[in-house]
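Labels below follow one simple rule: chain letters A, B, ... track the order of the sequence lines, proteins then strands, and each chain is numbered from 1. Note: hydrogens, waters and symmetry copies are ignored here, and every other heavy atom, side chains too, is used.
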Amino acid sequence: MIFSNELINWYRINKRDLPWRNTTDAYLIWLSEIILQQTRVEQGMPYFLRFSEQYPTVKNFAAASEDDILRMWQGLGYYSRGRNMLKTAKVIEQSFNGIFPTAYADLIKLTGIGEYTAAAISSFSVNEAKAVVDGNVYRLLARYFGIDTPINTGKGKKQFQEIADELINPANAAEHNQAMIEFGALQCKPKNPNCEQCPFITSCFAYQHKKVNELPVKLKKLKIRERYFYFFLAIKEGQILIKRRGNEDIWAGLHDLPSIEFIEQTSLDQLFVDQNFQDWFSGDPIIHSVSDQIKHILTHQRIYARFVHIEHINPEFTQENGWFWVNIDDVSQFGQPKLIFEFLKNFFKLY
DNA sequence: AATGCGTGGCT
DNA sequence: TAGCCAAGCAT
């Protein structure tokens, strides 16, 4: 409890004033926590403000369409968060009478809510004594106690959760959890932590043993997948051809352009050879290069994209593929990956 | 248990 | 600059 009291003292002096900290509304806390998963505060903030304005209650959220949600989520990444939120909002409407649950045991059953988020909502809203363990807490605990168990293993997760559970202050779970997270974010940062002005400088194992830069330990790393896309711009009478992406791959459920993917670098000439364009066009195929290769780096993929303008596309073929025409002025109404809407924005001077 | 899922900032 | 990391979760 000494640790917790010291930590909370630090928190009261140093905490940021963030909008989701001025409420005990479980719905708004849920909204903020989902948005902030793997996402920096500065990046998530405008989305939180827009969503809380547009959907002030879980009832409003549940009444939205998936297209509405994906459009508002556009540019934030990890789009399944948005789809899962809609599913959960509907469950709360139907099974919880529209009252957002606050008990950890209820929350953990909902889609999109895992151990961290269930602990965050239950502690922040009603002070339930469940310890949050996120990236900040892993780092703080690994350094303070000198634990070198890799944080991304089952053993590590279990070990760190147990320590966090022992450390929590049951009388003030909300502030304790907030303080753990905020301390990791502001003081015990991944790079260049502010050890010189740290209240735990004398008791921190990592600082005393000069292992601050070695902790926490994380096993790595995944192979990067290289992908090469051609995206096609078919434009006719103020309209452009778009499609919805499937549910399997990256950017599931979002909209993009008709496209062809290669597993290796492929020239525009080679595209003609490799691709049987016979069904695509009703007249002579016309293809103009529009962009140079665009390199788009994701966490586990490197995407190389080229945009080409095509003419004389076959209307029947587009229909069979589920492609459809939309007014160019309306294209921003369809949720798209960053790569696509940035290109269209520049191409049409839209948005 | 291991993998897939976005985008952006930092070094 | 190429890699790491950010208020994780689902499968």
Side-chain angles (χ1 to χ4, degrees), chain A residues 15-16 18-21 28-48 70 73-85 87-88 107-121 123-124 131-140 142 150-158 160-161 164 174 177-186 188-193 213 216-225 227 245-254 256 295-303 335-342:
Chain A
K15 68 175 176 179
R16 293 167 289 183
L18 303 172
W20 46 86
R21 288 200 175 134
L28 291 177
I29 294 167
W30 169 68
L31 178 60
S32 71
E33 289 301 335
I34 303 294
I35 287 174
L36 292 173
Q37 285 170 3
Q38 301 289 281
T39 304
R40 289 187 158 70
V41 166
E42 309 79 59
Q43 191 188 358
M45 178 77 78
Y47 288 83
F48 174 81
L70 288 177
W73 206 269
Q74 179 172 278
L76 190 55
Y78 286 152
Y79 298 92
S80 64
R81 290 182 291 175
R83 294 201 306 277
N84 289 339
M85 285 182 88
K87 180 178 174 186
T88 284
L107 292 163
I108 194 68
K109 296 175 186 167
L110 297 168
T111 305
I113 297 180
E115 286 186 53
Y116 164 78
T117 305
I121 298 172
S123 66
F124 299 164
V132 294
V133 182
D134 72 339
N136 294 304
V137 176
Y138 281 122
R139 188 168 57 251
L140 160 58
I151 61 173
N152 55 342
T153 60
K155 183 183 174 188
K157 290 189 204 318
K158 186 166 181 289
F160 282 95
Q161 183 70 56
N177 276 339
Q178 291 275 15
M180 293 284 283
I181 295 166
E182 190 77 333
F183 190 85
L186 298 184
C188 197
K189 297 178 292 183
K191 304 290 180 190
N192 303 323
N213 293 322
V217 174
K218 194 173 183 179
L219 296 182
K220 285 307 270 203
K221 57 185 176 195
L222 325 183
K223 49 189 178 296
I224 302 289
R225 174 149 71 128
R227 308 177 69 169
R245 296 183 61 84
N247 291 321
E248 300 301 305
D249 200 2
I250 192 172
W251 301 317
L254 275 68
D256 66 355
K295 188 175 181 181
H296 191 71
I297 300 174
L298 287 64
T299 302
H300 308 300
Q301 303 186 18
R302 266 195 293 273
I303 292 179
Q336 304 147 23
K338 191 85 172 179
L339 171 67
I340 301 296
F341 77 71
E342 283 296 324

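Between A:Leu219 atom CG and C:dG3 atom P there is a gap of 18 Å when expressed in whole angstrom units. As a whole-Å value, the separation of A:Lys189 NZ from C:dA7 P is 12 Å. Taking atom CG of residue A:Asn213 and atom C1' of nucleotide C:dC5, one finds them 15 Å apart after rounding to whole Å. Computed from coordinates, the A:Asn84 CG to C:dG8 P distance equals 16 Å when rounded to whole Å. We find that CD1 of A:Ile34 is positioned 9 Å from C1' of C:dG8, with the value rounded to whole Å. The CD-C1' distance, from A:Gln161 to C:dG8, rounds to 13 Å in whole Å. Atom-to-atom, CD of A:Glu115 to C1' of C:dA10 comes out at 13 Å; the value is rounded to the nearest Å. The NZ atom of A:Lys220 sits 11 Å away from the P atom of B:dT3 (whole-angstrom rounding).
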**Study point:** B/S/- contact track for nucleotides 4-11 of chain B, protein heavy atom under 4.0 Å
**Key:** -BBBB--S
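The separation of B:dT3 from C:dA7, taken at their P atoms, amounts to 24 Å, rounded to a whole angstrom. Nucleotides C:dA10 and B:dA1 have their C1' atoms positioned 13 Å apart, rounded to a whole Å. When the P atom is used for both C:dT11 and B:dG6, the distance is 14 Å, rounded to whole Å.
Proximity of A:Leu254 to A:Leu70: side-chain heavy atoms (C-beta onward) are separated by under 4.5 Å at one or more points. In this structure the side chain of A:Thr299 never reaches within 4.5 angstrom of the side chain of A:Gln38, judged on heavy atoms. Within the 4.5 Å cutoff, side-chain heavy atoms of A:Asp249 are placed close to those of A:Arg227.
Ring geometry for A:Trp20 versus A:Phe48: interplanar angle over 60°, hence perpendicular rather than tilted (30 to 60°).
Judged by distance alone, the side chains of A:Arg21 and A:Gln178 do bring a donor and an acceptor atom under 3.5 Å apart. If you check the side chains of A:Glu33 and A:Tyr116, you find a donor sitting under 3.5 Å from an acceptor.
Here A:Ser32 lies out of heavy-atom contact (under 4.0 Å) with every strand. Heavy atoms of A:Arg139 sit under 4.0 angstrom from primed sugar atoms or phosphate atoms, though from no base atom. Using a 4.0 Å heavy-atom distance criterion, A:Leu18 is classed as a base contact. At the heavy-atom level, A:Val41 lies under 4.0 Å from base atoms of the strands shown. Among the heavy atoms of the strands lying under 4.0 Å from A:Thr111 are primed sugar atoms or P, OP1, OP2 only; no base atom is included. Looking at heavy-atom distances under 4.0 Å, A:Trp20 makes contact with a base.
Closest-nucleotide positions on DNA chain C for A:Gln178 and A:Ile224 were compared, and the one nearer the 5' end corresponds to A:Ile224.
With sequence neighbours left out, the side-chain contact (heavy atoms from CB on, under 4.5 Å) criterion links A:Glu42 to A:Arg16, A:Arg40.
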Taking only distance into account, with no hydrogens and no angle test, what donor-acceptor pairs under 3.5 Å do side-chain atoms of residues 132-140 of chain A form with protein atoms, sequence neighbours excluded?
{"from": "A:Asp134", "atom 1": "OD1", "to": "A:Asn136", "atom 2": "N", "distance (Å)": "3.1"}
{"from": "A:Asp134", "atom 1": "OD1", "to": "A:Val137", "atom 2": "N", "distance (Å)": "3.0"}
{"from": "A:Asp134", "atom 1": "OD2", "to": "A:Asn136", "atom 2": "ND2", "distance (Å)": "3.1"}
{"from": "A:Asn136", "atom 1": "OD1", "to": "A:Arg139", "atom 2": "NH2", "distance (Å)": "2.7"}
{"from": "A:Asn136", "atom 1": "OD1", "to": "A:Ala185", "atom 2": "N", "distance (Å)": "3.4"}
{"from": "A:Arg139", "atom 1": "NE", "to": "A:Cys188", "atom 2": "O", "distance (Å)": "2.6"}
{"from": "A:Arg139", "atom 1": "NH2", "to": "A:Gly184", "atom 2": "O", "distance (Å)": "2.8"}

